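Read through the structure below, which is laid out as structure tokens, and then see the notes.
Only this structure's heavy atoms are used, side chains among them; waters, hydrogens and symmetry mates stay out. Lettering of chains follows the sequences in order, A, B, ..., and the numbering in each one begins at 1. This is a predicted model, so every value here is computed, not measured.
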Number of protein chains: 4
Amino acid sequence: MRHQPLRLFYVRFLLGDESVKRKEGKGLKRDAIIDAAVQVFSSKGYHNTRMEEIAIAAGIGKGTIYEYFESKLQLFQALMERSLQTYYSKMETSDLQQLGFRERLCHLLEANFSFSRENKNLARIIYWDTDVIDEELKEWGLAIRKEKEEKLKAIVGEAITRGELREVDSYLTTLVIMGCLESMYVPIIFEDLDRPADELALQVVDMIMQGIGNK
Amino acid sequence: MRHQPLRLFYVRFLLGDESVKRKEGKGLKRDAIIDAAVQVFSSKGYHNTRMEEIAIAAGIGKGTIYEYFESKLQLFQALMERSLQTYYSKMETSDLQQLGFRERLCHLLEANFSFSRENKNLARIIYWDTDVIDEELKEWGLAIRKEKEEKLKAIVGEAITRGELREVDSYLTTLVIMGCLESMYVPIIFEDLDRPADELALQVVDMIMQGIGNK
Amino acid sequence: MRHQPLRLFYVRFLLGDESVKRKEGKGLKRDAIIDAAVQVFSSKGYHNTRMEEIAIAAGIGKGTIYEYFESKLQLFQALMERSLQTYYSKMETSDLQQLGFRERLCHLLEANFSFSRENKNLARIIYWDTDVIDEELKEWGLAIRKEKEEKLKAIVGEAITRGELREVDSYLTTLVIMGCLESMYVPIIFEDLDRPADELALQVVDMIMQGIGNK
Amino acid sequence: MRHQPLRLFYVRFLLGDESVKRKEGKGLKRDAIIDAAVQVFSSKGYHNTRMEEIAIAAGIGKGTIYEYFESKLQLFQALMERSLQTYYSKMETSDLQQLGFRERLCHLLEANFSFSRENKNLARIIYWDTDVIDEELKEWGLAIRKEKEEKLKAIVGEAITRGELREVDSYLTTLVIMGCLESMYVPIIFEDLDRPADELALQVVDMIMQGIGNK
DNA sequence: GATGAATGAGAGTTCATTCAT
DNA sequence: AATGAATGAACTCTCATTCAT
């Protein structure tokens, strides 16, 4: 019982069909519910959040949520999917392929930092609430992580081949970079670290590339 | 509402207080319960774990847990405290003070890696289940993290002063190092990364100190 | 709170009242809704049927049902009334009064069997779904049954007086006959018993009249 | 998670084990819950009965029911099973095999009548609440009925062979007899028909065997 | 001290009904 | 008149906690 009248909707939308406004409203309401869910889930955690709280936060009735999502778990999954879309669309901008490793890394870090800052609640969920909500969801979370890791590892490997990096272990390097990304969430989210994202990125890239050792 | 009768207990124990013997027996069973709790909580998460499951895992009756812990939350808190004690006792061995930064860092990484490997369940809880179980617990988790961070930052600052490191931002450096520590948990815990801890540590320290850039 | 504007409606209809035409249109849709309700209620039972299913079966919107019926219960009541009207109109044909007991009984049985066969859904509701949907409805169902019983008992009494039957207890006889009627529903409705209704009726009447004992 | 420590229980019971009393109490409580369920279900119907009402009727807490039954539906199934056991144990007394058809039929009718009278609530459920509670349950109900029918048909067939009955259709005869049984429930249950069961049985058997026709 | 049967507050979910469009 | 999105009362079931044994 998923909502997938997408194609028909699109046609009507192009034709300017009146009925679309209603459908459009439905899409908007769906989003509004996810927005509310992000707020509540991120501050209280999945299990401590009652469906009614989300409804209240969204300014709607409890039952209305079930018009758009089949269950609490599905709402959370939808939230995660939309969040990751937002996250990835922020990461993968256009013509990164052309850039050198240092620039790509710098962009990656900066995008991560600013995403975290602008979407604190989302980020909190993406990085903290990977709790064991559901076995399937856990697997999914790990798979997402693995995918991210593989992409990064390919980039690292390529950079080594190109001679941009010295002969390091590409896997460990990947882990170190991911660690640097992740280590910043806590201060950004919980401690309101307010240094400019680009400056932060530059400094961290510098440390990663040159190392912190004296000479 | 933290459990801190530890010191008083210790005094009585040294004095041979009668009540301690009972407490000692109690202590053993208490520990057994926490052991069981570690198993179950770490594999199913806090909210998906039922008190009865812990009781069964501990081979005792459900009601007995309440003889030793006031509530599920308090049991989890006690577990976290004991886990962190174990963790820290592993980290802060003897005469690290004398060593140079590189050696201390290396030791820290190695200790972390081997701890994670030897105490997968514990590590899983410490790094993953800091979920929003309870507002108070969340604050406490963050405070612990902050404390860790401060200690590390002091060490970094000192190393810079001593000229062991170049003039980097000690705070960012701390975050990067913590990121490197944390980034290894997932592969170790979930993917059974099996490289020797000391070798891993050496490689990562090398990357951190020299950087990964070519020249 | 029974629906009984039936007579008034009939008068207006004969007089050509304008309001009737609207009502007539309404009457058609009303009937269509009841038709749909018969389908759904009879296959899923009262409580397992959702108003929306009836609406879908009727090819109309959910809210429209409420233009014609005040509530789910009232829809069911209306359905029962119409069903019983249909049932009785099938039973009480023309000049049965003239016939002898055997013929009347035979007609009754045959009419019942063919009604059941031709209106399986209706029959299922009439004989099976008199479940405890509502206290008032239960009383009503019992009253209907009692009425049926009284009619039959009068016929039986008369037949005894006329000497068509031997001196049996007219009440018990009535119950036995009703039992024979009812006992056929299950095989007809659920097992598609396909013997011709008239043949079935003859055989059963024969058993009732002559008994099954040898000699 | 069914309760089936029956064998172990039995051994302990024979040995007079103390722990049995508790288990025995459990069995008693299980029965008490079913008793309460019979009361409530039979007067309000399955769907109008709330679990809490059953709990209150049983003088226990709502959650306690779930210690003994997995769900509302399972409670109802258990109730039906126990009811049918009670019913059948009443029907199938000892040495009916020896008796002639007339005597067996008489016994069957009498047993049915007195069962209905003594277990009005049970009977109400067995004969009236075969509502579409659940598809599976409906099938089961029909299967039970079919089984009953087959047994009776065999007896009828045998009686015909022995020449106790004239050459009637054994299937129809079976249906007629079942109809006679069933037709008595309503007056007995809802109208407190108070004639002695044995007398009723004799009269009905007489009608069935000799017929009601004059001569 | 140990137990586990009993409990009931609380949560997710359903669906008859309403009402703005 | 017709609709179906929105609603919230009502219901089942769970599980931390209690307490009599």
Side-chain angles (χ1 to χ4, degrees), chain A residues 18-19 21-23 25-26 29-30 33 47-56 58-75, chain B residues 22 25-26 29 47-56 58-75, chain C residues 22 25-26 29 47-56 58-75, chain D residues 18-19 21-23 25-26 29-30 33 47-56 58-75:
Chain A
E18 263 305 286
S19 77
K21 243 165 235 158
R22 258 178 289 131
K23 290 282 177 182
K26 232 183 159 169
K29 185 160 279 187
R30 207 186 126 94
I33 293 171
H47 291 286
N48 289 321
T49 296
R50 296 201 316 285
M51 289 302 264
E52 195 169 21
E53 295 180 88
I54 296 173
I56 291 169
I60 58 174
K62 198 183 358 163
T64 307
I65 297 177
Y66 289 88
E67 295 283 323
Y68 298 88
F69 303 93
E70 281 178 22
S71 67
K72 188 183 182 182
L73 187 55
Q74 277 218 1
L75 168 57
Chain B
R22 257 180 289 130
K26 251 199 149 166
K29 188 162 276 189
H47 291 285
N48 291 318
T49 296
R50 296 202 306 283
M51 290 301 266
E52 193 170 19
E53 295 180 88
I54 296 173
I56 290 168
I60 59 173
K62 205 186 340 175
T64 309
I65 297 177
Y66 288 86
E67 296 285 324
Y68 298 89
F69 303 93
E70 285 177 24
S71 67
K72 187 183 182 183
L73 185 56
Q74 285 227 350
L75 168 57
Chain C
R22 258 180 289 129
K26 251 197 146 164
K29 188 163 274 188
H47 291 285
N48 290 319
T49 295
R50 297 202 304 284
M51 290 301 264
E52 193 169 20
E53 296 180 88
I54 296 173
I56 290 168
I60 58 171
K62 208 190 330 178
T64 309
I65 297 178
Y66 288 87
E67 295 285 325
Y68 298 88
F69 302 93
E70 285 178 25
S71 68
K72 187 183 183 183
L73 185 56
Q74 285 227 349
L75 168 58
Chain D
E18 262 306 284
S19 75
K21 244 165 236 158
R22 260 180 286 132
K23 291 281 178 184
K26 234 185 158 166
K29 184 160 281 188
R30 207 186 124 95
I33 293 171
H47 291 285
N48 290 318
T49 297
R50 295 201 319 284
M51 289 303 265
E52 196 168 20
E53 294 180 89
I54 296 173
I56 290 169
I60 59 174
K62 195 182 5 161
T64 308
I65 297 177
Y66 289 89
E67 295 283 322
Y68 297 88
F69 303 93
E70 283 177 21
S71 66
K72 187 183 182 182
L73 186 56
Q74 277 220 359
L75 168 57

Below 4.0 angstrom from OP1 or OP2 of E:dA16, is there any side-chain N or O of C:S71? no
Hey, does the side chain of A:Y66 come within less than 4.0 Å of F:dA6's phosphate (OP1/OP2), counting only N and O? no
Rounded distance in Å - CZ (B:F69) to P (E:dA2): 13 Å
Comparing A:G59 and B:E52 on DNA chain F - which has the more 5′ nearest nucleotide: A:G59
Tell me whether D:E67 contacts the main-chain N or O of D:T64 through its side chain, where contact means a donor paired with an acceptor under 3.5 Å. no
Position toward the 5' end of DNA chain F (nearest nucleotide), C:G61 or D:M51: C:G61
Spacing of NZ belonging to C:K72 relative to CD1 belonging to C:I54, to within rounding of 0.5 Å: 7.0 Å
Value in whole Å for how far the P atom of E:dG10 lies from NE2 of A:H47: 19 Å
Can you tell me how far apart NZ (B:K62) and CD1 (B:I60) are? Round to the nearest 0.5 Å. 12.0 Å
Whole angstrom value for the distance that separates C1' of E:dC19 from CD of C:E67: 11 Å
Based on Watson-Crick and G-U pairs with both distances under 3.5 Å, what dot-bracket line describes DNA chain F 5' to 3', crossing pairs as [ ] and inter-strand pairs as |? .||||||||||||||||||||
For the pair made of CD1 in D:I33 and P in E:dA5, what is the distance, rounded to whole Å? 13 Å
Find the distance D:R30:CZ to E:dA5:C1' and express it as a whole number of Å. 16 Å
Return the value, rounded to whole Å, for the distance between atom CD1 of A:I54 and atom P of E:dA11. 12 Å
Assign each of A:G63 and D:I65 to its nearest nucleotide of DNA chain E by heavy atoms, then name whichever residue's nucleotide is nearer the 5' end. D:I65
Whole angstrom is fine here: how far is it from CD in B:E53 over to C1' in F:dA16? 13 Å
Should the side chain of A:K62 and the base of E:dT13 be counted as holding a donor-acceptor pair, with the cut-off at 3.5 Å? yes
A:I65 CD1 to A:E70 CD distance, which is reported to the nearest 0.5 Å: 14.0 Å
Distance (rounded to the nearest 0.5 Å) between A:Y68 OH and A:K29 NZ: 5.0 Å
Say whether, by atom type as modelled, one donor and one acceptor occur between the side chain of D:Q74 and the main chain of D:S71 under 3.5 angstrom. no
Tell me: CG of B:N48 to P of E:dA11, nearest whole Å? 16 Å
Rounded to the nearest 0.5 Å, what separation is found between the CZ atom of C:R50 and the CD1 atom of C:I56? 8.0 Å
Determine: side-chain N/O of C:Y68 to OP1/OP2 of F:dA1, distance under 4.0 Å, yes or no. no
Looking at A:T64, I'd like to know whether one of its side-chain N or O atoms comes within less than 4.0 Å of OP1 or OP2 on F:dA5. no
Using heavy-atom distances to pick each residue's nearest nucleotide on DNA chain E, tell me which of C:K72 and B:I60 is more 5'. B:I60
